[in-house]
Amino acid sequence: AILDAATERFAEKSVANVSVEEIIEAADVSRGTFYKLFRHKEDVLTEILRPFMQGYSAKLAAIETTDPLQIIDEIIAVYVQIWRDAPTAFSLMQREAAEFYHLLKDAHQPIVTHMRRLFQIIEPHGILRADRAEDAVTLMARSAVVVLRVFDGRPDWERLFGDSMRGLLLKTNPATRPATEDSHP
């Protein structure tokens, strides 16, 4: 109940603007119960985000292809699945990351490591708009949730998100790229 109430409140107002009192009132638990489980509201945030981030990392780790266009499509598919399953946690992670990074560094670092690995596979193919894998990782990290929010609720949000991210990340949209000997079907 505490995690659910805190997730709602954090999403509405941000962690900094939510008090422990608001959380316990919304969760209908006593102050003593809260403090038996958590030291402070930041502990609640880590309990919300850590499992989410571990699942996110595992999904990225499972991408094993070396085909650069397939990697992009699989990363996009991970983002679509995460947004479908946990949009609030995904939004919280992106919005609160800078302020609470020190609390979640151990859960965040594997995500970054997997993203770097994947974009480093793509980089030598010369198809990244940003040219460098590190810049592509940063673009993905800072823009994906924003783009997901823009298209949220649209019946074709998955396609719109995928097309937008491909356009942002790739020099040429693979769907319209002219066929060459090196092209992938």
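Note that the numbering runs from 1 along the sequence shown for the chain. Since the structure is predicted, the reported quantities are computational estimates derived from the model, not experimental observations.
Proximity of Phe161 to Glu158: side-chain heavy atoms (C-beta onward) are nowhere separated by under 4.5 Å. Side-chain contact between Leu45 and Leu49: present, with at least one pair of heavy atoms (C-beta onward) separated by less than 4.5 Å. Side-chain contact between Leu69 and Leu170: present, with at least one pair of heavy atoms (C-beta onward) separated by less than 4.5 Å. Contact annotation: the side chain of Leu168 never approaches that of Arg129 to less than 4.5 Å [non-hydrogen atoms, C-beta and beyond]. Residues Met115 and Ile75 form a side-chain contact, since some pair of their non-hydrogen atoms from C-beta on lies under 4.5 Å apart. The side-chain heavy atoms of Asp152 and Val150, taken from C-beta on, include no pair separated by under 4.5 Å. Val20 is not listed as a side-chain neighbour of Phe38, based on a closest heavy-atom distance of 4.5 Å or more. Looking only at side-chain heavy atoms (C-beta outward), Glu123 and Phe119 stay at 4.5 Å or farther from each other.
Heavy atoms only, all atoms of each residue included: Glu47 and Pro51 are closest at O-CD, 3.2 Å.
Formation of a donor-acceptor pair under 3.5 Å by the Glu22 side chain with backbone atoms of Ser19 is found in this model. Counting only distance, with no hydrogens or angles, the side chain of Ser164 and the backbone of Leu160 share a donor-acceptor pair below 3.5 Å. Panel note: side chain Arg117, backbone Leu60; a donor-acceptor pair is recorded below 3.5 Å. With hydrogens and angles ignored, the 3.5 Å screen pairs a side-chain donor or acceptor of Asp67 with a backbone N or O of Gln70. Between the side chain of Arg31 and the backbone N or O of Ile24 there is no donor-acceptor pair closer than 3.5 Å.
Remark: the Ser14 side chain and the Asn17 side chain contain an N/O donor-acceptor pair separated by less than 3.5 Å. Side-chain atoms of Ser91 and Thr88 include no donor-acceptor pair closer than 3.5 Å.
In the hydrophobic clustering of this structure, Leu103 groups with Phe34; members are Ile, Leu, Val, Met, Phe, Trp, Tyr whose side-chain heavy atoms approach within less than 4.5 Å, directly or through other members.
Note that CG of Asp43 is 12.0 Å distant from NZ of Lys41, once rounded to the nearest 0.5 Å.
Each of Val29, Ile2, Val44 was checked for a side-chain contact (heavy atoms from CB on, under 4.5 Å) with Leu37, and the lone residue meeting it is Ile2.
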Exercise. Are Ile72 and Arg166 close enough, and set up right, to give a side chain to side chain contact (heavy atoms under 4.5 Å, CB included), and what steps lead you there?
Worked result: CA-CA 7 Å; Ile72 291 290; Arg166 283 182 204 92; 4.0 Å; yes
Problem set entry | Test log, rule side chain to side chain contact (heavy atoms under 4.5 Å, CB included), inputs Tyr56 and Lys59 | CA-CA 5 Å; Tyr56 177 14; Lys59 285 175 177 41; 5.7 Å; no
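The aromatic rings of Tyr79 and Phe90 sit tilted, their planes meeting at an angle between 30° and 60°.
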Could you pull out all donor-acceptor pairs under 3.5 Å where a side-chain atom in residues 104-111 meets a protein atom, sequence neighbours excluded?
from   : atom 1 : to     : atom 2 : distance (Å)
Asp106 : OD1    : Arg50  : NH1    : 2.8
Asp106 : OD2    : Arg50  : NH1    : 2.9
Gln109 : OE1    : Tyr101 : OH     : 3.4

Compile the donor-acceptor pairs under 3.5 Å between side chains in residues 138-146 and protein atoms, sequence neighbours left out, one pair per line.
from   : atom 1 : to     : atom 2 : distance (Å)
Thr138 : OG1    : Glu134 : O      : 3.1
Ser143 : OG     : Leu139 : O      : 2.4

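Atom CG of Asp28 has 12 or fewer heavy atoms from other residues, nucleotides or ligands within 6.0 Å. Within a 6.0 Å sphere centred on CD of Glu25, heavy atoms belonging to other residues, nucleotides or ligands number 12 at most.
Residues Phe100 and Phe10 keep their aromatic ring centres 6.0 Å or farther apart.
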